[in-house]
Amino acid sequence: MTRVLVVEDDPQLVRALVINLQARHYAVDAAPDGATALRLAAARQPDVVMLDLGLPDMDGVDVIRGLRGWTRVPILVLSARRASEEKVAALDAGADDYVTKPFGMDELLARLRAAVRRTEDAPLTSGTPLIQTAGFTIDLRARKVHRDGHDVRLTPTEWHLLEILVTSPGRLITQKHLLQEVWGASQSNKTNYLRVYMAQLRRKLEADPAHPRYLITEPGMGYRFEG
Ligand code: CA
């Protein structure tokens, strides 16, 4: 049975959703606010989350960020907000799809089925989307790094560099390869760029940046990620 977590503070809408979902044999939990949602998501391990963005205690986007710290559960956002920035913020934070209120129940259920199906079909052979170390977790699909209970903010350049290293764990990646991939062929002798950006990544990810455990320098050669 597919378990749905409905996060919505409008009791009438919650009632309508619960009745419709249960009639279609979904198991339903409902949370009226963000804090309850985060607690229930951990306790009940839903297969999909339906999330209203306008909650009484926190912004729905922060609920998405909280969930994405540890789970890839599909998140279908429900919102009265039509502004495209809101949609972009929700999708950037890791939501899978977006339905604007008012919506028809048939459309919502179709989107829900699609969101669940996508995760069931997601190929695991194309690499592990989650890279976990004792110090931090990297979600390659959501492009997020989580450390000590919070998201680590990376610049696009830092992310690009990190992604190349962590997707080849244990392998030496040469300076030239990294420079070409991240900065382009014309910059392939700018090893000082690499030193600067690697130092930044270590400051953000390593417990002791001066003695890195994960982002290892191979002097004169390149870098290696030890997972
Ligand atoms: Ca609301």
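Just so you know, ligand 1 is whichever comes first in the structure, and atom 1 is the first atom listed for that ligand.
Between Arg3 and Asp47 no salt bridge is recorded (no basic side-chain N to carboxylate O distance below 4.0 Å). Between Lys144 and Asp139 no salt bridge is recorded (no basic side-chain N to carboxylate O distance below 4.0 Å).
Here Leu55 does not reach the Ca ion (ligand 1): none of its N/O/S atoms is less than 3.0 Å from the metal. Distances from the Ca ion (ligand 1) show that Asp52 has an N/O/S atom below 3.0 Å. Metal site remark for the Ca ion (ligand 1): Glu8 contributes no N, O or S atom at a distance under 3.0 Å.
Asn20 places a side-chain N or O within 3.5 Å of a backbone atom of Ala16 that can act as its donor or acceptor partner.
Gly54 contributes O and Asp9 contributes OD1; the angle these two atoms make at the Ca ion (ligand 1) is 90°, rounded to 10°.
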Please determine whether side-chain contact (heavy atoms from CB on, under 4.5 Å) holds for the pair Leu5 and Met50, giving the CA-CA distance in whole Å, both sets of side-chain angles, and the decisive distance to 0.1 Å.
CA-CA 6 Å; Leu5 173 59; Met50 274 187 194; over 6 Å; no
